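Start at 1 with the first residue, then count along the sequence. No experiment lies behind these values; they were computed from the predicted model shown.
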Amino acid sequence: MRLLVAVLVATLGGYLALSHEVLWVRVYGFTLEGAPDAFGFLLAAYLAGLAGGSLLAGRYCRSAAAERSGQLYRVGGVIFAGALAAFLVAPAVAHLVGRGVEPASTLPVFALASACLGAGFPLLCHFGIRAGELVGARLSYVYVGNIVGSTLGSLVTGLVLLDVLPLRELNVALAIAGAAIGVMLMLSASTTARSRVFSGAILAAAIASFVGSAPTLYGDLYEKLLYGEEYREHGRFAHVIERREGVVTVSRSGTVYGGGSYEGITNVSPLPEKDENRVLRAYLVSAFHPQPRDILMVGLGSGSWLQVLANDPDVEHLTVVEINPGFVEAARRAPVVASALDNPKVELLIDDGRRYLGRTSRRFDVIVENTIVYWRSYASMLLSREMMDLTRRHLKLGGALTPRGGRSTSRAAPVPHRPIPRSVPQLAHRAVELRRERSPPLRL
């Protein structure tokens, strides 16, 4: 019976531990704007914490105190403490970053919480595996259960639950589950009615605290992670869209961030005093091809380029490939660009751009790439020789590749300009007229 309990608890514990790691990777990666080293640093802190917690628990198991009664009660207490610590990780990191602490300096927070999670496994083995010839076999059963739970945590939480629950609610659910497992073990080890009542009261208080404090602790979490000490000046996000593919946030001014990194502004006006996102480049796509009838756009971003190109009178079909549905939802919530998603010219595909080009046989007059900054994770999927060769093979004769993306570091001073129409269709017609006044561009 002891071995069965140990296997079951190890399975559930592995699920919770890996689920927390998935969420912590999201939090830390958001803070570093999707830098490729974010996962490595977080994983190092996580494993260091597991090792430290296991080391301390192992030393305790070898002491005389560990041989006394109440082993299962102590296992439950450690699991309960791990649930509480894991629940507080994201708010604690956001609080530190909001106070100006460098993201790398918050890694000990992750390590400390994972130490609480890691301490439970040796204690559980000490309780469930008795000395004898079958120690190795019994340990393998517990270890297999832990591996199965860890695998399910990565798959179920990472691929399913992140599409169903936001970070706050998912953390609350995981914390309640961890606390419930810990208290159930404590109840099983309790020998008096008073101790059972006490354990039940602890669980009720924990659930109430998790649910009641979550809106306050997690309310401005992403704002602190993104803006740091300036989060109060920027205010709360207008929209926070969380999916398994990542987090898309939209500020009240219309600035779109994907995974903490700038992705564009919902603006279609090329007037110098309004063109913060340099959307004028979208109107000048017509200058790169005499008749851009069929356009492929890899990456939706804020949707501003989509709105402009969809209203170009020469464009007959516009294919948009976006890997994160969160950007589509953000565009639908923005009145400036929402109508472009329902434009009959537009074909929207949720897919990876490079994979799409590898499978399709279509060729395009113009391919617009929403190139992310070079230092972000997976940037080489777009910024590589292989991607350029793949793009070349899908351009028609005389076709053009137009990269977009990157945030302007400074605003140019307004320059004198002729009055131009202000509606998107009129601006698109004007861009076609200007195209004939320009010299032929270089072709890919």
Side-chain angles (χ1 to χ4, degrees), residues 5-6 8-24 27 45-63 65-66 68-93 95-96 106-128 142 146 149-150 153 170-190 195-214 217-218:
V5 171
L8 291 177
V9 174
T11 303
L12 295 173
Y15 175 86
L16 294 176
L18 262 294
S19 296
H20 285 302
E21 184 189 7
V22 169
L23 301 184
W24 295 349
V27 169
Y46 180 82
L47 294 178
L50 289 181
S54 300
L55 178 64
L56 293 176
R59 290 181 176 178
Y60 174 79
C61 290
R62 289 188 293 270
S63 66
R68 299 172 185 170
S69 60
Q71 291 181 7
L72 188 58
Y73 196 91
R74 286 191 288 271
V75 173
V78 170
I79 293 177
F80 181 88
L84 177 61
F87 174 75
L88 295 174
V89 165
V93 171
H95 176 76
L96 293 174
T106 65
L107 289 173
V109 176
F110 298 102
L112 180 60
S114 63
C116 296
L117 298 176
F121 189 79
L123 295 175
L124 187 64
C125 292
H126 188 72
F127 160 78
V142 179
N146 188 257
S150 300
L170 192 50
N171 260 320
V172 170
L174 293 175
I176 291 176
I181 294 172
V183 171
M184 288 177 63
L185 295 178
M186 295 167 66
L187 285 172
S188 300
S190 299
S195 61
R196 294 190 184 96
V197 172
F198 177 73
S199 299
I202 290 179
L203 179 59
I207 294 175
S209 63
F210 292 150
V211 175
S213 64
L217 294 177
Y218 287 81

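The two residues His126 and Gln71 come nearest to each other via the heavy atoms O-OE1, 3.7 Å. Heavy-atom minimum distance, Ala90 versus Val27: CB-CG2, 4.0 Å. In terms of heavy atoms, Cys61 sits closest to Pro122 at SG-O, 3.8 Å. For Ala83 against Ala179, the heavy-atom pair with the smallest separation is CB-N, 3.5 Å. The two atoms that bring Ala92 and Val109 nearest to each other are CB-CG1, 4.1 Å, heavy atoms only. Here the closest heavy-atom approach between residue Ser199 and residue Met186 is recorded as OG-CB, 3.9 Å.
Taking the side chain as every heavy atom from C-beta outward, Cys116 and Val78 never approach each other to under 4.5 Å. Here the side chains of Leu88 and Leu217 are in contact, with some heavy-atom distance below 4.5 Å. Side-chain contact between Leu16 and Ile181 is present, with at least one heavy-atom pair separated by less than 4.5 Å. The shortest side-chain heavy-atom distance between Tyr15 and Leu12 does not fall under the 4.5 Å cut-off. Looking at Phe87 and Leu174, their side chains never come closer than 4.5 Å, going by heavy atoms from C-beta outward. Taking the side chain as every heavy atom from C-beta outward, Val89 and Leu23 never approach each other to under 4.5 Å. Residues Leu123 and Ile79 form no side-chain contact, since every pair of their non-hydrogen atoms from C-beta on lies 4.5 Å or further apart. Using a 4.5 Å cut-off on side-chain heavy atoms (C-beta onward), Trp24 and Val93 make no contact.
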**OP:** Take Phe121 and Val142 through the side chain to side chain contact (heavy atoms under 4.5 Å, CB included) test and state the conclusion after the steps.
**Re:** CA-CA 9 Å; Phe121 189 79; Val142 179; 3.7 Å; yes
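In this structure, His20 NE2 and Ser114 OG are separated by 11.5 Å, a value rounded to the nearest 0.5 Å. Once rounded to the nearest 0.5 Å, the distance linking CZ of Phe127 with CG of Leu72 reads 4.5 Å. For the atom pair CG (Leu84) and CD1 (Ile202), the distance works out to 11.5 Å, reported to the nearest 0.5 Å. Here the straight-line distance linking atom OH of Tyr46 with atom CG of Leu117 works out to 6.0 Å at 0.5 Å rounding.
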Check residues 47-57 and write down every donor-acceptor pair under 3.5 Å in which the side-chain atom is one partner and the other belongs to a residue at least two apart or another chain.
| residue | atom | partner | partner atom | Å |
| --- | --- | --- | --- | --- |
| Ser54 | OG | Leu50 | O | 2.8 |
| Ser54 | OG | Gly118 | O | 3.3 |

